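Note sheet for the following structure.
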Amino acid sequence: MSKVRTRFAPSPTGYMHIGNLRTALYEYLVAKKEEDGVFILRIEDTDQGRLVEGATDIIYETMKQCGLFHDEGPDIGGNYGSYVQSERMASGIYKEYAWKLVELGGAHVCFCSEEDIEAQRQLATAKGVSFKFDDPCKNLSKEEIDARIAAGEKYVIRQNINPEGTTSFDDEVYGTITVENSTLDESILLKSDGFPTYNFANVIDDHMMEITHVVRGNEYLSSTPKYNLLYEAFGWEKPIYVHCPPVMKDEHHKLSKRNGDASFQDLVAKGYLPEAIINYIALLGWSPETDQEIYTLEELKKAFNVKRIGTSGSIFDIEKLKWMNGMYLRNMTPEKYHELVLPYIKEAVKADYDTVQIAEILHQRVSVLGEINEMLDFFDNYPAYENDLYNNKKMKTNPEVALSSLKAARETLAVTEDWSQANLHDVLMNLVQTLGIKNGQLLFPVRIALTGKAFTPGGAIEIAAILGKEESLKRLDASIAQLEA
C-alpha cells in the first residue's frame, strides 16, 4: 500500500454540495501531489430511499467540469471494481465480511428489532439518561443462532466493542484523538434487509480498494474509532485519516444542501466559472504557504499540503467568490472571452449589434456572467428614466448642464460620417475643448441619454459606436425633448 490511493465516494442524492466538492478536490490533490497517485470515484448508493434519478450523471458532469478526472470508477473501470456499492452488495461481499467478523469476535448476531432498540433509546432520552443498548443476543450460542435464522427470524449483525479502555487514532489535521470505549455504540453493520450500513460498507470497500488516505468532513471524527476497531478485528492496515473542517454559511450554521444553500450547479447557472469555484473552495480551510490566491489546478497540485488544513470552519463568502470569478474573466484573452459570453449576449440582445464590441465593453466590468442580461437590457429596450439621473456632483452635472451638453453633442454627431469608436472619441473630446467644460460634463449626460441607466458596462463613446449613428441620434433627440419638457 505504498502507492497513494484516494477515493471520492458520493451518494447520488441530487446536486453537488459545495462541501462535497471540496472533499473531492482535496482527495484529488492528495493523490495527484504524488507522481503515481491514484484518484478513485466510487458511487455509494446503498441508501436506496434517498437516491435521485439522474444524480449519478450529475456527479460525472461536475467532476468533468472541474477537471477532477478519476483514474478508476464505474464509467471507466479498474482492477478493484465494481465501483458501485449496490453492485458490490449484489455479489454478497458485505454479508460475507459481516459473518467473517462474527467468527473473528468483532461482531455478533442480534435478533432484537431495530424498532425495539429505537424505542429503548427514546425512553432513555425521555428519562434524561444516556443510552447504551445491552444486547441479550450476545450470549446466544451458535446453535441457537442457526436455529432462529433457520426458523425465519430477522436479524442484524452488530459490532462488538469492549467497554473497557480507550481507542486512539491519529488524524493529519486534528492530531491524536482518544475516546473512551464506553462511549461508543455497538453499531449495526448489516441490516435486516441484507444491506450494509454506510459505515461498514465504507470500511470493506476502502480495504478492498487499497485506499491509503481517507479525506472526509470532521463530522466523521466520532465514528473513526469504531472504524479502526473494525480494521483491528479483521487484522487490516488502517488508512491515513484527513478530517476537514466544515464549510460554514455563517458563524453558527454549516452550509447545507438541505437548507437550500447553493450547490455547484446553482453557482454555474448564475455564471460562476468551474475553475474559479474550484480555486475558491480550495482556500476554504486550507492555507497556502504564500499570499497567492489565484491558482490553476496544476498549481494546486504542487502547493497543496494537508498539514496546512485548519481545524476551524470556513465561512463561504459569495463576495470573495465573485471577486475571484471576475479575476478569471478579466484574465481571459478577448477571443476566449467573446466565445464564452456570446450565448449570454445573444440572450440579452436580439437586435443586430456587433457582439465583439459588446464583449469588449463587458470584459473588464463583469464579475459574474449572470449579470450580463441586466447590463445589456438597454440595447433592445430603451427605458423610461427620471431626469434626476443627470444630477452628479462628481461629474458636475445636473439637468440644465445636461441639456446644453446634449444639444451640442447632437449637433456635432449629426454631421459626423466616420462612426468608428476612435473617431467618435476624437470628435467628442474636441467638442469638450470647444465648449470649455470637463470631460464628464459632456460624456456623462451622453451616456445617460443613450442608455437611460445610471450604471452601464461601457462609456458614452463605446456605447454610441455600438448603437450606430441612427439609433444614437434618435435616443439623443428623445432625451433632449424630455429635458426640454
Side-chain angles (χ1 to χ4, degrees), residues 334 338 341-342 344-366 371-392 395-485:
H338 176 257
V341 301
L342 185 57
Y344 294 87
I345 295 174
K346 288 185 174 180
E347 177 66 27
V349 182
K350 304 302 181 185
D352 187 19
Y353 293 118
D354 189 327
T355 59
V356 172
Q357 286 185 304
I358 293 177
E360 285 176 358
I361 66 172
L362 292 171
H363 198 166
Q364 298 303 314
R365 297 173 175 92
V366 171
E371 300 170 337
I372 290 176
N373 199 302
E374 186 177 355
M375 284 184 169
L376 301 180
D377 57 3
F378 66 88
F379 278 105
D380 283 352
N381 302 296
Y382 185 55
Y385 67 94
E386 299 295 329
N387 290 341
D388 287 346
L389 281 185
Y390 291 108
N391 289 314
N392 191 295
M395 298 296 176
K396 296 182 170 56
T397 63
N398 56 40
E400 291 74 23
V401 171
L403 180 58
S404 174
S405 294
L406 291 181
K407 284 183 174 181
R410 203 284 178 202
E411 182 179 351
T412 301
L413 292 173
V415 296
T416 300
E417 296 299 327
D418 180 358
W419 205 258
S420 66
Q421 185 173 314
N423 189 59
L424 287 175
H425 176 272
D426 293 342
V427 167
L428 291 177
M429 289 299 98
N430 288 336
L431 181 58
V432 167
Q433 296 298 320
T434 300
L435 296 175
I437 60 176
K438 301 290 185 181
N439 291 355
Q441 289 178 299
L442 177 70
L443 298 181
F444 181 78
V446 169
R447 184 179 63 79
I448 296 294
L450 293 176
T451 66
K453 299 184 71 168
F455 303 100
T456 56
I461 295 168
E462 298 165 307
I463 291 171
I466 297 170
L467 287 172
K469 183 174 182 178
E470 181 180 350
E471 182 65 20
S472 295
L473 293 180
K474 177 182 174 182
R475 295 187 180 198
L476 287 173
D477 285 339
S479 296
I480 290 169
Q482 179 174 314
L483 283 167
E484 288 180 330

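Position 1 is the first residue of the sequence, and the numbers go up from there. For clarity, every value in this text was computed on a predicted model and none was experimentally measured.
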How close do [X] and [Y] get, counting heavy atoms only, and between which atoms?
X	Y	value
K469	T416	NZ-O, 2.9 Å
S472	G468	OG-O, 2.7 Å
P445	Y390	O-CE2, 3.6 Å
I372	Y344	CD1-CB, 3.9 Å
F378	P457	CE2-CD, 4.1 Å
G440	T397	O-CG2, 3.8 Å

For the pair E471 and R475, evaluate salt bridge (charged side-chain N to carboxylate O under 4.0 Å, His left out) and give the outcome as yes or no after the intermediate values. CA-CA 6 Å; E471 182 65 20; R475 295 187 180 198; 2.7 Å; yes

Test side chain to side chain contact (heavy atoms under 4.5 Å, CB included) on M429 and N439; report intermediate values, then the result. CA-CA 7 Å; M429 289 299 98; N439 291 355; 4.1 Å; yes

Backbone N/O of [Y] and side chain of [X]: donor-acceptor pair under 3.5 Å:
X	Y	answer
D380	A351	yes
N387	P399	no
N381	P383	no
W419	L413	no

More than 12 heavy atoms of other residues, nucleotides or ligands under 6.0 Å from [atom1] of [X]: is that the case?
X	atom1	answer
E386	CD	no
H363	NE2	yes
D352	CG	no
E347	CD	no

Are the side chains of [Y] and [X] in contact, using a 4.5 Å heavy-atom criterion?
X	Y	result
R410	L473	yes
I437	V401	no
L342	K346	yes
I463	V446	no

For a quick check under 3.5 Å, do Y385 and S479 share a side-chain donor-acceptor pair by atom type? yes

In Å, rounded to the nearest 0.5 Å, how long is the span from [atom1] of [X] to [atom2] of [Y]?
X	Y	atom1	atom2	answer
I466	Q357	CD1	CD	5.0 Å
E411	L431	CD	CG	9.0 Å
L443	M395	CG	CE	8.5 Å
K407	L476	NZ	CG	13.0 Å
N430	L435	CG	CG	11.0 Å
K396	N391	NZ	CG	14.5 Å

Check step by step if side chain to side chain contact (heavy atoms under 4.5 Å, CB included) holds for S405 and F444. CA-CA 10 Å; S405 294; F444 181 78; over 6 Å; no

Kindly determine whether L362 and I345 satisfy side chain to side chain contact (heavy atoms under 4.5 Å, CB included), including the steps that lead there. CA-CA 10 Å; L362 292 171; I345 295 174; 4.1 Å; yes

State which residues pass ring-ring contact (aromatic ring centres under 6.0 Å, His included) with Y353; sequence neighbours excluded, sorted by chain then number. F379

Is K453 salt-bridged to E374, going by a charged N under 4.0 Å from an acidic O? no

Salt-bridge present (E470, K474; N to O < 4.0 Å): no

